[in-house]
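We count residues from 1, following the sequence as given.
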Amino acid sequence: MGPVPQTAHTFDWPDRLVIGTVGRPGSRTFYLQARAGARLLSVALEKEQSAALAEKIDELLDELMATDGNRFSVPDEAPVELVDDDALDQPVEEQFRVGIMGLGWDPSTAQLVIEAVPAQPVDPQTLEPLGPEPEEVLVVRIPVGAARAFAQRTRGIVEAGRPLCPRCGEPMDPEGHVCGLPDGLQ
């Protein structure tokens, strides 16, 4: 990336890191929320970003497990004592909407590193960013067990949306559903 952001919201070994939602299925807003003591930070992200983050965390952990001579004790599933099914901490105040996320591994501390930077408007013709580089970044470092639990919770949150139509597979709204079957199929 470009220059270093002016504000880095850093959470090393946070007390809590979760993805949760606000709103009803079909109009939910997803939040990545980190808490350390009384410090609480929430950033908004897309459902697809949430799902991709959980998938990439599991892929990275599985890769670490399969590495010959791996000295890290990576669990193949979420440790029961680390599973967090509680609601988001209140108040949920959006710090920024996530544009780009990064995921890395710090072998010196045996932690996954999640980075999130704000979304930037882009020129529709060139897809180049408009305006300056983002001035803030969220950086969270979590151990492997907490990462497995985070990914498990996130998958559950993503899947807890609207039920899918048995005919077309599209999400159904409580108010009704127009089935999107391809032309000619009944």
Q: Decide yes or no for Asp106 and Arg141: does some side-chain heavy atom of the first lie under 4.5 Å from some side-chain heavy atom of the second?
A: yes

Q: Tell me, please, which residues at least two apart from Arg39 pass side chain to side chain donor-acceptor pair (under 3.5 Å).
A: none

**Q.** Which atom of Ala116 lies closest to which atom of Phe96, heavy atoms considered
**A.** O-CZ, 3.6 Å

(Q) Could you measure the distance from the CZ atom of Phe11 to the CD atom of Gln33? Nearest 0.5 Å is fine. (A) 9.0 Å

Q | Nearest atoms (heavy-atom pairs only) where Ile57 meets Leu103 | A | N-CD2, 3.6 Å

Q | Partner set under side chain to side chain donor-acceptor pair (under 3.5 Å) for Arg35, not counting sequence neighbours | A | Asp89

**Q.** Side-chain hydrophobic cluster, 4.5 Å single linkage: members besides Val18
**A.** Val22, Tyr31, Leu88, Val92

Q) For Gln111 and Ile142, what are the C-alpha separation, side-chain angles and deciding distance, and is it a side chain to side chain contact (heavy atoms under 4.5 Å, CB included)? A) CA-CA 5 Å; Gln111 290 178 304; Ile142 55 174; 5.8 Å; no

(Q) side chain to side chain contact (heavy atoms under 4.5 Å, CB included) for Leu61 and Arg148? Distances and angles first, verdict last. (A) CA-CA 8 Å; Leu61 293 174; Arg148 220 28 126 183; 3.6 Å; yes

**Q.** Verdict with supporting geometry, Val98 and Val117, side chain to side chain contact (heavy atoms under 4.5 Å, CB included)
**A.** CA-CA 6 Å; Val98 174; Val117 296; over 6 Å; no

Q) Between atom CZ of Arg97 and atom CG of Leu45, what is the distance when rounded to the nearest 0.5 Å? A) 7.5 Å

(Q) Between Asp85 and Arg153 (salt bridge meaning N to carboxylate O under 4.0 Å), is one present in this structure? (A) no

Q: For Gln95, enumerate each residue passing the side chain to side chain donor-acceptor pair (under 3.5 Å) test, keeping only those at least two apart in sequence or located in another chain.
A: Glu136

Q: For Asp15 and Gly37, work out which heavy atoms get closest and say how close.
A: OD2-N, 2.5 Å

Q: Measure the shortest side-chain to side-chain distance between Arg16 and Asp84 over non-hydrogen atoms and say whether it is less than 4.5 angstrom.
A: yes

Q: Could you tell me which non-hydrogen atom of Gln152 sits nearest to which non-hydrogen atom of Ala78, and how far apart they are?
A: OE1-CB, 3.2 Å

Q) Are any of the side-chain heavy atoms of Trp13 and Val140 separated by less than 4.5 Å? A) no

Q.
Are Glu93 and Leu41 packed together at the side-chain level, in the sense that at least one heavy-atom pair is separated by less than 4.5 angstrom?
A. no

**Q.** Interatomic distance, Leu17 atom CG to Leu112 atom CG [nearest 0.5 angstrom]
**A.** 10.5 Å

Q | Straight-line distance of Leu32 CG to Gln49 CD, nearest 0.5 Å | A | 10.0 Å

Q) So, does Ser50 use its side chain to make a donor-acceptor pair with the main chain of Glu46 at under 3.5 Å? A) yes

Q: Answer yes if the side chains of Glu94 and Ser42 hold a donor-acceptor pair under 3.5 Å, and no otherwise.
A: no

Q.
More than 12 heavy atoms of other residues, nucleotides or ligands under 6.0 Å from CD of Glu77: yes or no?
A. no

Q. If you group Ile, Leu, Val, Met, Phe, Trp and Tyr by side-chain heavy-atom gaps below 4.5 Å, do Phe150 and Val83 land in one group?
A. no

(Q) According to side chain to side chain contact (heavy atoms under 4.5 Å, CB included), who are the partners of Thr21, at least two apart in sequence or on a separate chain? (A) Arg28, Phe30, Ile157

Q: Could you go through the side chain to side chain contact (heavy atoms under 4.5 Å, CB included) check for Met101 and Ile114 one step at a time?
A: CA-CA 7 Å; Met101 297 188 80; Ile114 300 168; 4.0 Å; yes

Q) Does the Glu159 side chain pair with the main chain of Gly156, one donor and one acceptor, at a distance under 3.5 Å? A) no

Q: List for me each residue that meets side chain to side chain contact (heavy atoms under 4.5 Å, CB included) alongside Leu82, sequence neighbours excluded, and say none if there are none.
A: Pro79, Ala149

